[in-house]
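The analysis underlying the following values was restricted to heavy atoms, covering all of them including side chains, and did not include hydrogens, waters or symmetry mates.
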Amino acid sequence: MATYTITLNERSARGKALMEYLKALGVLMHKVSPKSATKHRLYDPETGKYLNDETMKAIEQAHDDMKHGRLKTYSSADEMFKDLGINV
C-alpha cells in the first residue's frame, strides 16, 4: 500500500469533483485543517496515524537541545542511570 498526499481546494468545483471521484474509488481520505497543515507532523504509514502533540513537542525539544549543544553524552548506560538517580 502506498501513501500519497493531495492538496485540494474543496471550495472549487474541480476540487469537489475530484474528491467525489476519489471517494467513489474507495480512496481513504484524511482532512487536515489549514492550521495544522502548516505544521510538520510525523506519520506512521503502517498505522495510518500521526504523532500526537505531546510526542511532537518532545521531539522538537530534543531537536532544539541537540542543535544548541544541550544534550548530555554518557560512556555507558550505567553512567547514565547513575546520573539520573536510577539504581540498577
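- Rounding to the nearest 0.5 Å gives a distance of 9.5 Å between CG of Leu42 and OG1 of Thr55.
- Inter-residue side-chain proximity for Gln61 and Asp65 is flagged as met; some heavy-atom pair is nearer than 4.5 Å.
- No side-chain heavy atom of Leu8 sits under 4.5 Å from any side-chain heavy atom of Lys16.
- Clustering ILVMFWY residues whenever any of their side-chain heavy atoms sit less than 4.5 angstrom apart, transitively, puts Leu25 in a cluster other than the one holding Leu28.
- Of all non-hydrogen atoms in Met19 and Met29, the two that sit nearest each other are O-CE, 3.8 Å.
- Around CZ of Arg11, the count of heavy atoms belonging to other residues, nucleotides or ligands within 6.0 Å does not exceed 12.
- Counting all heavy atoms, side chain and backbone alike, Asp64 lies closest to Arg70 at OD2-NH2, 2.6 Å.
- Note that the NZ atom of Lys82 and the CG atom of Asn87 stand 10.5 Å from one another [nearest 0.5 Å].
- Between Ile59 and Leu51, the closest side-chain pair of non-hydrogen atoms falls below 4.5 Å.
- At least one side-chain heavy atom of Asp83 sits less than 4.5 Å from a side-chain heavy atom of Tyr74.
- Counting non-hydrogen atoms of other residues, nucleotides and ligands closer than 6.0 Å to NE2 of His68 gives a total above 12.
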